[in-house]
Student: 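My questions all concern the structure below.
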Amino acid sequence: MSTNTEAWGSRIGLILAMAGNAVGLGNFLRFPVQAIQNGGGAFIIPYLVCFLLLGIPLLFIEWSTGRYGGNLGHHTTPFTFEKMSRMKFWRYIGVFGIFSNIAIASYYCYIESWTLSWTMHSAMGSFQGMDQHQVADFFSDYLNISTTTTGIPFEAVIFFLLCLFLNTWILSKGLRGGVERTAKIAMPLLIIFAIFLVVKAVTLKAGHQGAINDGVVGLNFLWTPQYDSLANPKVWLAAAGQIFFTLSLGQGSVQCFASYVKKKDDIALNSMSAGWMNEFVEVVLGSAIIIPISIGYLGIDRVIELTNLGGLGLGFRTMPYLFQQWGPLLAAMAGVAFFGLLFFAGITSSLAMGTPCLSFLQDEFKFSRKKAAYMFGVFTCLLGLPTVFFFQYGVLDEYDYWAGTIALVTFAMFEAILFSWVFGLDKGWKEITTGADIKIPVVFRYVIKWVTPVLLLLVFFGSLIRPENDDWTKISLTGWELHNESIIGQITHKNIGPNSSWFSDEFYAEISGTVDSVFIQDGKNRVSISNHSEGQPGQTATYIIGKRDELMVQPGEEVKTGDVIIRGNMINGVFYKDIGRLLLVSLFVFVTVLVYIASRKRKKASIMIGNNK
Amino acid sequence: MNTSAIIFMVIAETIITAFMVYFFIKALVVKPKPEPDSYVDNDDVER
């Protein structure tokens with residue numbers, strides 16, 4: 001018998017927990033950046049189309065799959081998928097539904113810990129009196145864990161562990177007492193904090209408190225449609241990707257939450273309520289905070305430059321400085337509100353990531369909730385520490401690419417095929433509509449059967465063979481240059497550059513340019529190369545020179561990509577990235593073995609029950 | 001703001017807010033299913 005006796009406290013609690021699962025940091029930091037980079041206001045067209053054709057059908061599929069499995073005593077995807085197909089193969093596809101959650105939680109908790117730390121620093125006034133560069137350096141110093149600007153040694157590690165402990169502790173309190181209670185507190189607070197910031201952002205006035213633009217200039221920039229972008233497949237892929245991330249689809253956490261809903265109870269209205277709440281937070285609130293504020297103070301050109309570095313950089317390196325323009329009290333309030341809402345968005349998502357792991361251990365290995373929670377904490381910590389210590393080498397990005405992007409698309413593609421074509425849409429539609437408190441338009445029957453699986457196949461194969469510069473006209477039978485971010489490009493380390501071996505006696509320049517300077521920072525010798533031409537933005541690369549290394553270039557010297565700049569015993573970044581990949585593969589194999597052991601246990605138990613009869 | 005930006009923003013935000021409010025209110029007011037249901041907070045509430 002499973003030790004799992006979890007249940008939801010209330011329907012609203014379930015909806016808020018499910019919405020909290022979906023609402024994450026990406027709603028505030030990723031969506032506005034994606035919109036700017038993919039057609040401005042016109043991005044909303046492919047975004048809403050993808051929500052209708054991918055998001056809503058997958059929500060129906062995942063909620064109904066979860067409830068179907070839960071009513072058979074399975075709260076995670078491996079055995080639910082097996083029951084839906086009667087084939088062992090699907091059991092191992094279901095492994096993704098546990099693997100992705102642990103892998104994503106391991107690095108997501110680290111990012112979540114930044115929000116916790118930045119909330120504290122905002123309240124303490126740590127950013128007071130700093131200029132823009134000092135705030136940016138504060139973030140770099142924080143990530144460089146051996147140094148600290150706050151007096152707390154290893155601050156990044158301590159906050160990561162604190163955040164992980166908090167997650168583990170809440171998870172140990174159970175579904176109702178932990179996850180649901182947190183969502184009931186966090187979601188309303190998140191919306192209140194967001195509304196406060198939206199009001200401040202859109203009422204910004206040029207010339208007041210140092211602003212150079214009105215807040216609405218940012219809104220205008222973000223929402224002005226570039227219609228030609230609609231013909232670009234890159235924009236549609238970006239919209240589909242955003243829908244995945246924002247709704248936490250293809251992860252296994254939605255199925256797990258829904259598995260605690262009884263067969264006669266509604267899932268259709270619940271899924272719509274949670275899904276549209278996420279869209280409200282993302283499109284209405286998320287679009288009206290960082291872009292209007294940053295354009296208000298920095299101008300459009302500078303913000304375009306900053307968005308190329310991603311939303312995280314804009315949020316953590318720039319926003320604290322911008323809040324300082326409002327005076328000490330409002331800056332502290334805005335900082336606490338902004339990083340507090342990011343923390344609430346983060347923790348409600350990471351708790352959802354923990355739940356499948358706990359449910360699996362409770363269902364299959366009879367763990368108590370508390371024991372399962374601490375086991376999850378230990379796993380996540382072991383897997384997450386490399387992202388903390390080797391963040392600068394791209395380990396977190398590696399996790400995010402494989403576990404947080406590719407695994408989700410792959411899993412969603414398989415589950416859509418399983419639901420519509422293996423389980424069968426007749427049975428599937430019955431699962432979706434049983435107990436429904438709303439009438440689902442029958443058109444979704446056809447969308448779920450045909451459109452969603454086809455779109456997911458397109459997204460998957462599009463990611464596999466994505467061409468360089470997203471120029472899809474280059475696709476031909478004779479071959480084409482792949483994008484660095486394509487799956488094949490990533491597997492073959494296309495983006496690594498000249499330092500492609502793990503260990504080397506020489507370090508090669510990764511960009512062409514001029515040796516700017518040789519300097520000491522944080523007690524380490526560094527050399528900087530840049531290729532900024534007058535008035536034009538360019539690249540700057542800074543490399544650490546080890547104590548026993550020999551610098552082979554002088555300031556002012558011109559270097560080309562591939563030229564030797566340092567000699568010594570080098571461990572290149574690709575080594576750390578490959579270690580990251582190896583850890584992910586090991587985790588997948590480990591979960592697969594656990595699923596195999598659990599299936600053997602189930603088989604033995606059923607034979608014993610048969611003999612006793 | 002230019003006209004096309006206002007149109008896109010207002011239409012998108014109105015649609016999304018309207019659906020969010022409609023579904024959330026419907027979930028709040030819809031009559032619960034008879035016990036035993038999935039939610040334990042209302043187990044001792046008479047219907």
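Lettering of chains follows the sequences in order, A, B, ..., and the numbering in each one begins at 1.
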Student: At a 4.5 Å cut-off on heavy atoms, which part of A/F43 comes close to chain B: side chain, backbone, both, or neither?
Tutor: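 A/F43 has no heavy atom closer than 4.5 Å to chain B.
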Student: Go through the atoms of A/I12 and report whether side chain, backbone, both or neither lie under 4.5 Å from a heavy atom of chain B.
Tutor: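 Only the side chain of A/I12 comes within 4.5 Å of chain B.
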Student: Considering non-hydrogen atoms only, spot the tightest contact between B/D41 and A/E180 and give its length.
Tutor: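 Looking at all heavy atoms of both residues, the shortest contact is OD2-OE2, 4.4 Å.
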Student: Between chain B and each of A/N278, A/N270, A/L219, A/L48, count heavy-atom pairs under 4.5 Å; write down the option with the most.
Tutor: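 With the most close heavy-atom pairs to chain B, the winner is A/L219.
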Student: For the interface with chain B, which of A/P225, A/S287, A/G275 has the highest count of heavy-atom pairs at distances below 4.5 Å?
Tutor: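 Of the candidates given, the most pairs with chain B belong to A/P225.
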Student: Can you confirm whether A/I438 sits close enough to B/V30 that some side-chain heavy atom of one is under 4.5 Å from a side-chain heavy atom of the other?
Tutor: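 A side-chain contact under 4.5 Å is absent here.
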Student: Nearest heavy-atom pair of A/N220 and B/N2: which atoms, and what distance?
Tutor: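 What the structure gives for the nearest pair is OD1-N, 2.8 Å.
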Student: Where do A/K262 and B/S38 come nearest, in terms of heavy atoms and distance?
Tutor: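 A/K262 and B/S38 have their closest heavy atoms at N-OG, 2.6 Å.
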Student: Got a donor-acceptor contact below 3.5 angstrom from the B/K26 side chain to the A/S273 backbone?
Tutor: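 Not at all, since once roles are kept as given, no pair shorter than 3.5 Å links the two residues.
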Student: For B/Y39 and A/S10, work out which heavy atoms get closest and say how close.
Tutor: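 Minimum heavy-atom separation between B/Y39 and A/S10: CD2-C, 3.4 Å.
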Student: Flag the one option from B/T3, B/I7, B/T17, B/I15 with the top tally of heavy-atom pairs under 4.5 Å to chain A.
Tutor: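 Ranked by heavy-atom pairs under 4.5 Å with chain A, first place is B/T17.
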Student: Which atoms of A/Y260 are under 4.5 Å from chain B, going by heavy atoms: the side chain, the backbone, both sets, or neither?
Tutor: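 Answer is backbone: N, CA, C or O of A/Y260 sit under 4.5 Å from chain B.
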Student: Is it the backbone or the side chain of A/D214 that comes under 4.5 Å from a heavy atom of chain B, or both, or neither?
Tutor: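 Interface part for A/D214: neither.
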Student: For a quick test of reading the model, state the closest non-hydrogen atom pair linking B/M20 to A/W276 and the distance between them.
Tutor: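 Distance-wise, the nearest heavy atoms are CG-O, 3.6 Å.
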Student: Counting only non-hydrogen atoms closer than 4.5 Å, does A/I45 touch chain B with its backbone (N, CA, C, O), its side chain (CB onward), both, or neither?
Tutor: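 Side chain only.
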Student: Closest approach of B/K33 and A/D266, non-hydrogen atoms and distance?
Tutor: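 Answer, listing the atom of B/K33 first, then A/D266: NZ-N, 4.2 Å.
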